[in-house]
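What follows is a single structure, written as structure tokens, with notes after it.
So you know, we letter chains A, B, ... as the sequences are listed, proteins then strands, and number each from 1.
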Amino acid sequence: MLDRKFILENVDAVKLNCKNRNVVADVDRFVELENDRRVKQRELDSLNQESNVIAKSIGKCKTQEERDAKKDEGRVVRDKIAALQQELKTLETEQSAIQRGIPNMAHPDCPIGDDDGANTVVCYGKTPLPKWSEGFKPLDHVELAEKYDLIDFEGGARVAGAGFYFLKNEAVLLELALEQFAINKLVKKGFTPTITPDLAKNSVLQGTGYIPRGNETQIYTIENTELSLIATAEITLGGLLADETIDSERLPLKFCGVSHCFRTEAGAAGRASRGLYRVHQFSKVEMFVFCLPDQSEAFHEELLGIEREIFDELEIPYQVVDTATGDLGGPAYRKYDIEAWMPGRNTYGEVTSTSNCTDYQARRLNARYKVKGEKGAHYLHTLNGTAVAISRALLAVLEMGQQEDGTIVMPNVLRPYLPFDRIAR
RNA sequence: GGAGAGGUGGCAGAGUGGUCGAAUGCGCGGGUUUGCUAAACCCGUGAGCUCGUAAGGGCUCCGCAGGUUCGAAUCCUGUCCUCUCCGCCA
């Protein structure tokens, strides 16, 4: 969320940003409530002071009568305090609901537009689009998977419903290889590898900007608990420093996390969802960075650079997209997606996403840093990025690797992790 | 799952319901002394909000949320977490 004071001092900019991002938020009402809150808070402070003075004076009273008189006085003040507190609470509830709905400010260079149609392509990957001979019709990954018995969608549906699947045979080894490839690379780049919980407390979900309940929620919640299945390890990794204040000398902290990701995909039926493209569960290696404010833009470029390196090395053609304001999502200040070429869909499809959330996420998580010798603590900046989302990467690797003889060649970089270099029968 | 114990400042660790935002030690910052370093000594050292040009003042925070009271770190209830023992188990 944004800082209350910042909103108050930048009303017009915040409103314009909401408009650009296609978000409806009653900023005026927020300002009204904030002004009211400040007045009431000051009143409350002075009432508390009054009550403290009375309470302290009782200890020094000489006579019982004096004492009783003071007690009555104190009781009156306490009643006033209780009433005022109630008012404040009501006010703050409404206010923070509005505040949470106000999205992060956007980077000045973000393309402005209502939806993904306004996204701009920034650059392309090293690998050229596939050139198959005239007349060769590439199979999509569902057909390839069937041909080589790599994915059992029917079995997944029988066991867990539509949107679930069993990986089988080479696909299993391919998932593990992709994970190892990504993790090894990230460790070399200074990321601390983790395997995170696949569940998190709802408070952590909210801190990272995910909403566990509601109509449009993407989140599976666990009945009778305060836990949800995570949609990404961004949630667990972000939660790692919730309510912590860390020494600036320890920064930056770069983590990568392997986790399963669960998404209900409510309302996504009918959209491009064949096969592995849109599923309820997949594995992912996620990058997450906590850093100082003046470092976050550079780290954002670094995360994008790593993602590009991974997909270049996987020999998958892609384009990089700078996400338009209307398509950013709440916490992001700027977001780049890599869209890989997917021959089966004959178009690009999103395979990674990296966001600079500046202090927006950290404020809600209460994740701060302190500079030695300086007074006060400040909010960290947080960034996240997909290293490899296995389902979609697998899809791209299978479709892009297919040869005209029907076999599927594995990218060179995965060979150290695979006991085969092509899928053939 | 059952039975106990405990959660206090960066850490360790005190704390009769009022004089406690909190002793003490360590750590950290500054200073004195000293060829240098160390030691010793002295001073300072949590966060957020708020009033003030400033000096300085006020409020809140002792896991979290409530309650009792004129007054709660201290009493009560709930909750979360940690530790020990038992059971169960990959």
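- B:C76 and B:U24 have their C1' atoms separated by 31 Å, given to the nearest Å.
- Checking B:U19, B:A47, B:G58 against every side-chain atom of A:Arg368, the shortest atom distance belongs to B:A47.
- When the nearest nucleotides of RNA chain B are assigned to A:Ser46 and A:Ala377 by heavy-atom distance, the more 5′-ward of the two goes with A:Ala377.
- Contact annotation: A:Arg78 reaches the phosphate of B:G71 (side-chain N/O to OP1 or OP2, under 4.0 Å).
- Taking atom C1' in both B:C41 and B:U33, one finds a spacing of 8 Å when rounded to whole Å.
- The side chain of A:Ala55 lies closest to B:G71 when the candidates are B:U50, B:G48, B:G71.
- For the pair A:Asn52 and B:G58, the criterion of a side-chain N or O lying under 4.0 Å from OP1 or OP2 is not met.
- Nucleotide B:C28 forms a pair with B:G44, judged by Watson-Crick or G-U wobble geometry with both contacts under 3.5 Å.
- Distance CD1 (A:Ile54) to C1' (B:G71): 11 Å, rounded to an integer number of Å.
- When each of A:Lys254, A:Lys189, A:Arg308 is checked for a salt bridge (charged side-chain N to carboxylate O under 4.0 Å, His left out) with A:Glu302, only A:Lys254 meets the rule.
- Taking 4.0 Å as the cut-off between side-chain N and carboxylate O, A:Arg345 and A:Asp140 do not count as a salt-bridged pair.
- For the pair A:Asn48 CG and B:C51 C1', the computed distance is 16 Å after rounding to whole Å.
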